[in-house]
Amino acid sequence: SSSDSSSQVKPEADKKQAGYETLVITSEDHITKIMLNRPAKKNALTTQMYREIMLALEAASKDDSTITVFTGNGDYYSSGNDLTNFTDIPPGGIEEKAKNSAILLRDFVGCFIDFPKPLVAVVNGPAVGISVTILGLFDLVYASDRATFHTPFSHLGQTPEGCSSYTFPKIMGPAKAVEMLIFGKKLTAGEACAQGLVTEVFPDSTFQKEVWTRLKAYSELPQNAMHISKQIIRNHEKEKLHAVNAEESSILQERWLSDECMNAVMDFLSRKAKL
Amino acid sequence: SSSDSSSQVKPEADKKQAGYETLVITSEDHITKIMLNRPAKKNALTTQMYREIMLALEAASKDDSTITVFTGNGDYYSSGNDLTNFTDIPPGGIEEKAKNSAILLRDFVGCFIDFPKPLVAVVNGPAVGISVTILGLFDLVYASDRATFHTPFSHLGQTPEGCSSYTFPKIMGPAKAVEMLIFGKKLTAGEACAQGLVTEVFPDSTFQKEVWTRLKAYSELPQNAMHISKQIIRNHEKEKLHAVNAEESSILQERWLSDECMNAVMDFLSRKAKL
Amino acid sequence: SSSDSSSQVKPEADKKQAGYETLVITSEDHITKIMLNRPAKKNALTTQMYREIMLALEAASKDDSTITVFTGNGDYYSSGNDLTNFTDIPPGGIEEKAKNSAILLRDFVGCFIDFPKPLVAVVNGPAVGISVTILGLFDLVYASDRATFHTPFSHLGQTPEGCSSYTFPKIMGPAKAVEMLIFGKKLTAGEACAQGLVTEVFPDSTFQKEVWTRLKAYSELPQNAMHISKQIIRNHEKEKLHAVNAEESSILQERWLSDECMNAVMDFLSRKAKL
């Protein structure tokens, strides 16, 4: 709110939408903001968070907002998949776990592919894994100069998701995309911007102020024109994106059951436990 | 002409092709140059100009030139659609106006999609709207450092044309393309070059000299090889481009009849009238 | 080998694979290296070399290596097609020559399209013609700052191959791709990197050391994950790439029989002979 009168200021909590445990969702100035809210865990994505994000996107697609913004609370944007997801095995065993995880992944990414309004990432800090790969499905990506972009799939015996096997080579060419997606090269914000993954980089000290001023101005433009433009741009490849998403998810389902992947994930978790 | 002998110099007028009111068209050195010639109106594109450009492209495709060049007379490359086009309503009313305009737009852009020879834009100054969006259909884009690239569609309640909803995300990635096409961000020549929309930027003081020296050298290369190369490169997506063009034009036909668009255009014209 | 003990060091020759006259092929550290070995001819590609490279790729696809690397011996990466290929006319005359050459070209490029492991170019010096165009089919391209990238097809009355008519516009946008592919603009390593054709540029003095250190580290990552990732990324467009390759090869078959092309090649060879 732009008011300085304390009597008119609603407490921030009143703008928050109830019903989410892992997200803070606020709507004002024609902007719906979805904030990942597990700062103590670097906003690592749990199964619950996947489901809450899907609900939040469904709601945002139908509310009266013009644009929808993702950001992270705390130092990180998101450290990617919470690898403890791998250790919670259902009665059906690891085959059922892998199958359920692949379905969840496909449905989650599908929500981003189909989202009908301009989708903005405000990348406040390091981004890892699926929080990076789905950026190819966003319409604007603003990054703090503290942000980094890291997809260490091969290190964990895994393969790309979030349609990145298609969107990244298209955005930056295979010679840049492969070093990220296959060899796990971590990009700085400046590198990610030069390669087209990021729209613009801002100094961290002024990041929030500059980005939200700009987004507020953008959100006041004619709404229908913007929503239709977004849909024209994405409809050209929506069918292709869904096919890519299904293929990537299906390949990961097999990967998760491979010795190579299991050993790499166990190594990672045991190294982390020793720290 | 490279001759210094005044007795051999033909007056410039002799090289000009007759029959065009809004363009100046000249052919020499295997180059056909189509110059937008409404400098007092910043080369804003009227309905007449659309038709003359289509005729000029048809003629250039059949003449003995090797390459075809677009440029603007005066300070501007082109300020885009002349919005007074909107105020000239035929007897059939605004529905007929919108329908005719969509057909004209689709046919106009179709001429660029199908043009069989290398097509060069010499962007001498600011470019706006459709003069920017069709640059994705050009083969070389040289820009003066005075040039800017601006597509304020949402501001006018409108949506992208010229196949830009397809070509711009392909050229620069969605994170850069959307800020231009949906949020109307104006690019400098340097930014447009970094993002692949522009081939090279030149200082304005030497722009004409450097560009025409280079184009003259290029125009002397084997003609058939160049024409066939152009066609190989574009044929890969010609069908897709025509489909995109048809869809963009059809969506604009609806947009033009919407209250959102009419109000935005009327606001713009009345603000302009007050200046 | 990392051993300093002279008694354990195998002579370099022992790692070399036998049976190749124009290539030196070595395998260690999970890397198979294919080195073009006609340094006195700037690694110009003869018909024999095309065939040996196809055999080497076939072998590398089946060996136990993780990644496959191309590089050149001496000052050049490769000066492209050896134009003396044009002067070796079979009994069937130039029509048969053109037909055979087009089949060889198509099969050669097809091997790169189908190669199942990460493919790396270590571009040690100038690259010309087909050694440049097939870079769009590589997964990493590291370049010395001595490298340049040059495709003077039109100058020789010819048209693009190696799928470059499709991959280059996709990687760098048509405005940059056309200046290379149609007008023969030579890029520096820095320009090629800015335009996404090259992954990273290194100072020539430290090029080999930096690149091989990095590649050795990459080659130790989980192998199956990397091979599957490579295949996901390329399978999205494998069918399209084979169609483009067939079309480019077929058009070149006609080109090679044209007066325009024959005259341009003869001019080039006679100018070269006079030097």
Side-chain angles (χ1 to χ4, degrees), chain A residues 66-67 112-113 117-121 123 134-143 149 163 166-173 176-177 189 192-201 211 214-237 240-241, chain B residues 133 151-185 187 191 194-197 237 240-241 243-265 267-268:
Chain A
T66 299
I67 63 182
F112 287 87
I113 296 173
K117 299 176 180 183
L119 198 54
V120 181
V123 186
I134 55 172
L135 291 178
L137 303 172
F138 279 65
D139 301 301
L140 289 178
V141 180
Y142 294 129
F149 300 86
C163 296
Y166 172 79
T167 59
F168 280 35
K170 193 178 168 194
I171 292 169
M172 55 182 84
K176 310 281 193 191
C193 188
Q195 286 159 34
L197 188 61
V198 162
T199 308
E200 190 170 336
V201 180
V211 162
R214 192 181 300 187
L215 290 176
K216 197 177 162 185
Y218 286 167
S219 73
E220 288 165 3
L221 295 171
Q223 186 180 77
N224 295 336
M226 290 197 285
H227 291 175
I228 294 169
S229 290
K230 150 92 188 204
Q231 290 158 32
I232 299 173
I233 290 171
R234 291 293 176 177
N235 282 350
H236 298 317
E237 56 180 14
K240 178 73 176 176
L241 290 169
Chain B
T133 56
T151 52
F153 296 122
S154 295
H155 295 73
L156 295 168
Q158 300 186 37
T159 51
E161 15 73 339
C163 296
S164 61
S165 70
Y166 172 80
T167 59
F168 279 34
K170 193 176 168 196
I171 292 170
M172 56 182 84
K176 310 279 194 193
V178 163
E179 201 168 32
M180 281 191 82
L181 294 177
I182 300 189
F183 299 114
K185 170 150 184 172
L187 298 196
E191 289 167 341
Q195 287 159 32
L197 188 61
E237 56 179 12
K240 177 73 176 175
L241 289 170
V244 169
N245 181 30
E247 193 202 0
E248 287 177 345
S249 301
S250 159
I251 287 170
L252 269 171
Q253 181 177 340
E254 284 182 52
R255 280 274 89 203
W256 289 325
L257 298 172
S258 70
D259 289 345
E260 194 183 70
C261 176
M262 286 191 198
N263 292 336
V265 171
D267 279 359
F268 178 86

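Note that this is a predicted model, so its numbers are computed, not measured. By convention in this document, chain letters (A, B, ...) are assigned in the order of the sequence lines, proteins followed by strands, and residues within each chain are numbered from 1.
- When every heavy atom of A/Ser229 is checked against every heavy atom of B/Thr159, the shortest pair comes out as OG-CG2, 3.4 Å.
- Between chain A and the residues B/Ala177, B/Pro174, B/Ser258, B/Gly157, the largest count of heavy-atom pairs under 4.5 Å involves B/Pro174.
- In terms of modelled atom types and a separation under 3.5 Å, the side chain of B/Glu260 and the main chain of A/Gln223 share a donor-acceptor contact.
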- prompt: Could you walk me through whether B/Phe183 and A/Thr199 pass the side-chain contact (heavy atoms from CB on, under 4.5 Å) check?
  reply: CA-CA 12 Å; B/Phe183 299 114; A/Thr199 308; over 6 Å; no
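- The heavy-atom pair separating A/Ile232 from B/Pro160 by the smallest distance is CD1-CD, 4.4 Å.
- Heavy atoms of B/Gln158 lying under 4.5 Å from chain A belong exclusively to its backbone.
- A/Asp139 and B/Val178 get closest at one heavy-atom pair: O-CB, 3.2 Å.
- B/Lys176 places a side-chain N or O within 3.5 Å of a backbone atom of A/Cys193 that can act as its donor or acceptor partner.
- Between B/Ser154 and A/Ala225, the closest heavy-atom pair is CA-CB, 4.3 Å.
- Contacts of A/Ile233 with chain B are made by both backbone and side-chain atoms, with heavy-atom separations under 4.5 Å.
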- request: May I have the step-by-step check of side-chain contact (heavy atoms from CB on, under 4.5 Å) for B/Lys170 and A/His236, ending in yes or no?
  value: CA-CA 11 Å; B/Lys170 193 176 168 196; A/His236 298 317; over 6 Å; no
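- There is no contact between A/Val120 and chain B, counting heavy-atom distances below 4.5 Å.
- The backbone N or O of B/Ile182 lies less than 3.5 Å from no partner atom in the side chain of A/Lys230, so there is not a single donor-acceptor pair.
- Ranked by heavy-atom pairs under 4.5 Å with chain B, the list A/Arg214, A/Glu237, A/Gln195, A/Met172 is led by A/Arg214.
- Heavy-atom distances place the side chain of A/Ile67, and not its backbone, under 4.5 Å from chain B.
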